[in-house]
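Just below is one structure, and these are the notes that go with it.
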Amino acid sequence: MKALNLAKVFICIFISVLFLNIKGKEHKGINTKFKEGKTQHTLNLKKDVDIFCSISIVNESSILKLVGEEKIFASLIDNAGRKIKQFNSKEILISGEDLLSGKYFLAVNNEKPIKITVIDHFILCDGAFVEEEEEEEEEEFEGPAYKNPDLPIEERVNDLLSRMTLQEKIDQLSGDPKLDGFTTKYNDNLEIPQIKCVDCPHGVRWGNATFFPVPIAFGSTWDVDLVEEAAGVIGRECRAKGRNMGLAPCINLIRDPRGGRVFETYSEDSYMLSQMALAYVNGLQSQKVIATPKHYICNNSEDVRWNEAAVQIDERTLREVYLPIFRRPIVTGQAWSIMGAYNGVNGEYCCYNEWILREILKEELGFEGFVVSDWGACHSTISSIKAGLDLEMPRTNYYGEALLQAVEDGDVAVVYIDEAVRRILRAKFWAGLFDGIEPVDESVVESPEHISVALELAKKSIVLLKNEGSVLPLDEHSIDSIGVIGPNANTDFRGQGGSSAVTSSYAVNVLDGIINKVGDSIEVMYAEGCEIGTEHAPSYIPEITDSVKFQQALDVAEKSDVVILVVGLSGAIESEGNDRAYLIFPGVQEQLIKEVISRNSNAILVLKNGSPLTTVLEIDTMSLFEACPAILEAWYPGQEGGTAVADVIFGDYNPGGKLPLTFPKSASDLPTWDFDYTNDYTEGRGYRYFDKQGIEPLFPFGHGLSYTEFEYSNLQIIPMVSLNRQITVRVDVTNVGDMEGDEVVQLYIYDVERSTDDQPIKELKGFSRITLAPAERQTVEFKLTPEHLAFHDEQINFLVEPGRFDVMVGSSSRDIRLEGFFYITEEIRIR
Ligand code: BGC
């Protein structure tokens, strides 16, 4: 049956191609009006006629007009039979995003199906239709309908649900208290498989697994394809370990760089986060592992994460800043699960917040998967199930017996139970759990192929923050000795960070990486210098307690041609459940940096941390960062991190990562970090705040250098005056240095005439990482759709106002190379 369906899709594509350029042609009572080269299609619907319609699309919206005799109710349905959107009008606006997610859709007018086939992602073509092929006689399936893999998911769910007792249904809705805290109950009677969760933001937390750099490093690659590939690897390892649901990606917005989970998320920018989240969901779900974007929503501080009053937010800020992060992985990525956060929003815990769960997520975004509580985040029985919390984890506490009682007492209608069970079953069917999905062999775990993806990600994530006098890359042949100094030179972050901890069977730290690289050709001397130490206020300069260890480091610095000084943080300082109190280096690391760079002018600072660092000490009125000639941000770079750092230091890899968050000079430059989110939109966070306040950051959002130089030229904006069409922005980027390198081209916009007058000065709306050989030039193209330009006005309309939009293209948010503008001439209302 599957093969037959597939064959039909291909027949349909083939015939569609034959029908290209048909205009207004009559065909068996169906009237089509296809405008050549446009994405507008009119279909005349008649009873008892199935219509196959092929459209293709470039990254923009397509309008499908349905003309029928009756009132039309159309739904967009994916291959798995899951409803994506419902339309009550005859005009269906299908976004390019939906179509480009690579799925086949069915639009249904009651029982009449229309097959929409994306036949080419990049070439616009006309629509076409064919009559359905005669179906071959099918073999009768023996057994209950829900076990029949050829039936649509919805049919299987209905059948199974109709066979379940209330007790069996309720058993589906919480973790099994007798098991490991990550697994739900098995139903013997109907043979309903279990959900088996596992944390996996940067590797699988289940025994040994490939240990990727931490998620903030995923962000600093600015490479969505690589993030998708890495998530695919993680998904395969989940499968190899028998887990079918990944508790990732973590997409908390970095509201303040002191947040304990900054290392575990991707960016301070919601647009960038949404792109990374989509890539991760696509990668994980490509392996049939249920993805769980988390933590929904406004989960930005660890110290108050259990607090019901942790977030006071107005609707506009929620929709402008926090909701878009989840919209893309849910609507476009079709994640099958989402995790309700620990914190409350406007005085109600997320896991029983009806506005957040039912109204926005399920009704408005059309989420059809299930909501799982964060571990222990379910705080009630009746209000949670009514608000839309489907699965209580890790074990039965408020659901189970209490929920059964609530139903029997008439406090909870069975429809709520059915809805929750239906959502969980859908995901189980999608994941193939009833159909004996083929196991993935354990040998893939930490296989050379998987580790090589971790290494590539580590290399691509390293950010060259500073390189005065081109100290880097080092020339192996002109150095006799290297001093590797610092408390993070031989650490690797394995098993750290809380629930995202990954434990690989080995990890190459920076010291190992340097030794492996230079072999016997250069003498490598190592000194730890000091411990990482504990946090302290900037006003307090701690004492050096181990002066012997400290002195050893200074001796090594004096004796070495070059020093690689590896400092930073650890999981003891930044972690789930633990915000940082300060941004400065803990312990006596600043003293170490100061004394080492005073003794050796060829000192390269390598930072291993998951969030920004600041300094207070000075050398000749220069800050330590100013005094240090070269600085690399390596993050916690995973299992092959030391190899990646050594490759960058010796020029075997040209760094191209960029900061996905602002590094401030001091915590006093940051906006207040409190419960009141109502100013987050008008005031901005991250680079939006720094731009608006005119504050110079230490290193700006999007910053990162290379061993080569890139020149930007020929900015084109097409059209410059537009009613409501997509705007294309093109720019030429040329490598004008003599080494191959990567550039992340960034596009920012400014809505100059916005009526609310509280818009950010710059908003990221596109980015692209490219690799260029010396003298090579590439044209980078961005598409700006109305969705990119729209904002929520005071009445919460999502619209584009007519007026001028400034376009800024550059190498960082503070290194804009080319500027232009365009005009929108008429208001566009989106929602
Ligand atoms: C974390 C989640 C995690 C869960 C299960 C919670 O403490 O907040 O991110 O998925 O534990 O480990």
Side-chain angles (χ1 to χ4, degrees), residues 174-177 179-184 194-207 209 212 214-216 218 231 234-235 237-238 241 243-255 259-266 273 276-277 280-281 284 289-308 310-311 325-326 329 335-345 349-351 369-379 389-397 427 495-503 571 574-579 610:
S174 52
D176 189 334
L179 298 178
D180 48 30
F182 288 90
T183 305
T184 64
Q194 298 146 293
I195 296 266
K196 297 178 178 175
C197 312
V198 67
D199 285 294
C200 58
H202 63 114
V204 187
R205 185 189 174 210
W206 205 266
F212 282 87
V214 290
I216 194 74
F218 281 50
I234 293 170
E237 296 199 2
C238 287
K241 287 168 181 291
R243 310 314 292 172
N244 50 41
M245 169 160 161
L247 304 174
C250 172
I251 48 176
N252 296 352
L253 181 87
I254 300 173
R255 186 165 179 259
R261 290 182 103 160
V262 166
F263 80 90
E264 200 185 328
T265 182
Y266 305 113
L273 266 168
M276 292 285 161
Y280 190 98
V281 167
L284 200 71
V289 173
I290 297 166
T292 315
K294 65 187 189 183
H295 308 81
Y296 183 72
I297 192 170
C298 300
N299 183 198
N300 311 105
S301 157
E302 291 307 285
D303 289 351
V304 296
R305 70 174 178 164
W306 292 101
N307 194 332
E308 189 158 22
V311 176
I325 303 168
F326 287 91
W336 279 102
S337 181
I338 191 169
M339 186 184 285
Y342 283 130
N343 54 279
V345 165
Y349 276 125
C350 287
C351 286
F370 62 93
V371 180
V372 57
S373 72
D374 198 344
W375 266 225
C378 176
H379 295 277
L389 177 74
D390 304 304
L391 178 61
E392 178 191 27
M393 288 301 281
R395 44 187 65 88
T396 318
N397 199 8
Q496 295 185 42
S499 63
S500 68
V502 189
T503 314
E574 51 183 339
S575 182
E576 177 187 333
N578 184 22
D579 289 331

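Residue indices begin at 1 and follow the sequence shown. Start at 1 and go down the list; that is how both ligands and their atoms are numbered.
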Practice problem: Specify whether Tyr266 and Phe218 have parallel, tilted or perpendicular ring planes, treating 30° as the upper limit for parallel and 60° as the lower limit for perpendicular. | Solution: tilted

Quiz item: With under 30° as parallel and over 60° as perpendicular, where do the rings of Tyr349 and His379 fit, or are they tilted in between?
Solution: parallel

Practice problem: Identify the protein heavy atom lying closest to atom 9 (O) of ligand 1, giving its residue, its atom name and the separation to 0.1 Å. | Solution: His295 NE2, 2.7 Å

Quiz item: Which residue and non-hydrogen atom of the protein lie closest to atom 7 (O) of ligand 1, and at what distance in Å?
Solution: Glu576 OE2, 2.6 Å

Proximal atoms of ligand 1 relative to [X] (non-hydrogen, under 4.0 Å):
X      : value
Arg261 : 1 (C), 2 (C), 8 (O), 9 (O)
Arg205 : 12 (O)
Lys294 : 2 (C), 3 (C), 9 (O), 10 (O)
Arg305 : 7 (O), 8 (O)
Phe182 : 5 (C), 12 (O)

State, with a plain yes or no, whether a side-chain heavy atom of [X] is found less than 4.5 Å away from one of [Y].
X      : Y      : answer
Met393 : Thr184 : yes
Asn397 : Ser174 : no
Phe182 : Arg205 : yes

Quiz prompt | Check: Asp579/Ser301 side-chain N/O donor and acceptor closer than 3.5 Å | solution = yes

Practice problem: Give a yes/no verdict on whether any heavy atom in Met393 is under 4.0 Å from an atom of ligand 1. | Solution: no

Exercise. For atom 5 (C) of ligand 1, state which one of Asp199, Asp374, Val198 supplies the nearest heavy atom.
Key: Asp199

Exercise. Please answer whether the main-chain N or O of Pro215 pairs with a side-chain N or O of His202 as donor and acceptor at a distance below 3.5 Å.
Key: no

